[in-house]
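Contents: one structure, followed by commentary.
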Amino acid sequence: MNKIRKSEENSMTSNHVMMNGVVCSGLCFSHISYGEQFYEMEIAVRRSSGREDLIPLMISERLVDTSRDLTGRSVSVIGQFRSYNHTDGQNVHLILRVFVQDIKVYGDSEEVLPENFNDQLNSIFLDGYLCRKPVYRVTPRGREIADIMLAVNRPYHNSDYIPCICWGRNARYACGLEVGTHLRMRGRIQSRVYRKYAEDKENEVKTAYEISVSSYECVS
């Protein structure tokens, strides 16, 4: 856990994810970048309510043994929540993944699950800029929600575009924010299953990923 502890000390970056969960899918090859192979897999992260979020990871061959089946193993992950554009012919889709920078796999005899494993199940810190006007709405049950799109800068002039959801009074306040506002946010990554309706196609079941914001501040 040495690398993870060092990363905790450097948590105040613009995009920092820490989560503990259980691997629930095998490694699936994604792409090669500069000779390095990257794979995708999912982990199940438990909420305090008992529900689980299924979070997709993007991970380098240099961080895991790709010949091993990690399904069912508990893991601690540190990384960044990144966005990628995917084109399927005519449409461009925003793909969201946790880009893994460090991972600890438990279950081997020398890797015992720590007692504080459940203390840091799912947390994210973001420092970015509002790139769309927030959309405020009230659910049929009277719950206030604001949808926010945050642009978080990466090195080398790239940015990640991350959808976020605020609740209650945070949502009410967010609806007055202007595009370009500098924000710092804390929360957790959540998955949400929904059904996409189309007239000329069968209804598709899809999964959306977003940040459930627990707190934020405007930076002057």
Query raised in the report: Between Trp167 and Ser214, does any side-chain donor sit less than 3.5 Å from a side-chain acceptor?
Result: no
Query raised in the report: Is it true that atom CZ of Arg132 has more than 12 heavy atoms of other residues, nucleotides or ligands lying nearer than 6.0 Å?
Result: no
Requested in this report: Answer with yes or no whether the side chains of Thr66 and Glu61 bring together a donor and an acceptor at under 3.5 Å.
Outcome: no
Query - Distance in Å, Ile59 CD1 paired with Asp102 CG, rounded so as to fall on 0.5 Å steps - result: 9.5 Å
Query raised in the report: In this structure, which one of Met58, Gln101, Arg97 forms a side-chain contact (heavy atoms from CB on, under 4.5 Å) with Gln80?
Result: Gln101
Report summary line: Result for side-chain contact (heavy atoms from CB on, under 4.5 Å) between Arg82 and one of Val98, Asp160, Val17 points to Asp160
Query raised in the report: In terms of hydrophobic clusters joined by side-chain contacts under 4.5 Å, are Leu63 and Ile32 together?
Result: yes
Query raised in the report: Are a donor atom and an acceptor atom from the side chains of Tyr136 and Glu144 found within less than 3.5 Å of each other?
Result: yes
Query raised in the report: Taking atom CG of Asp147 and atom SG of Cys166, what is their separation to the nearest 0.5 Å?
Result: 9.0 Å
Requested in this report: Take Tyr129 and Leu183, measure what side-chain contact (heavy atoms from CB on, under 4.5 Å) needs, and give me the verdict at the end.
Outcome: CA-CA 6 Å; Tyr129 297 86; Leu183 296 172; over 6 Å; no
Query raised in the report: Does Val105 belong to the same Ile/Leu/Val/Met/Phe/Trp/Tyr cluster as Ile55, with side-chain heavy atoms less than 4.5 Å apart forming each link?
Result: yes
Query raised in the report: Tell me, do Ile165 and Ile148 make a side-chain contact under 4.5 Å, heavy atoms counted?
Result: no
Query raised in the report: Among side-chain atoms of Ser76 and Tyr106, is any donor-acceptor pair under 3.5 angstrom?
Result: yes
Query raised in the report: Could Arg68 and Tyr39 be counted as a cation-pi pair, given that NZ or CZ must be under 6.0 Å from the ring centre and within 45° of the axis?
Result: no
Query raised in the report: Do Arg46 and Glu52 sit within salt-bridge range, that is, some charged N less than 4.0 Å from a carboxylate O?
Result: no
Query raised in the report: Should we say atom OH of Tyr84 is surrounded by more than 12 heavy atoms from elsewhere, each under 6.0 Å from it?
Result: yes
Query - Backbone of Leu177 reached by a side-chain donor or acceptor of Lys133 within 3.5 Å - result: yes
Query raised in the report: Is it true that Asp53 and Arg192 have a side-chain N and a carboxylate O under 4.0 angstrom from each other?
Result: no
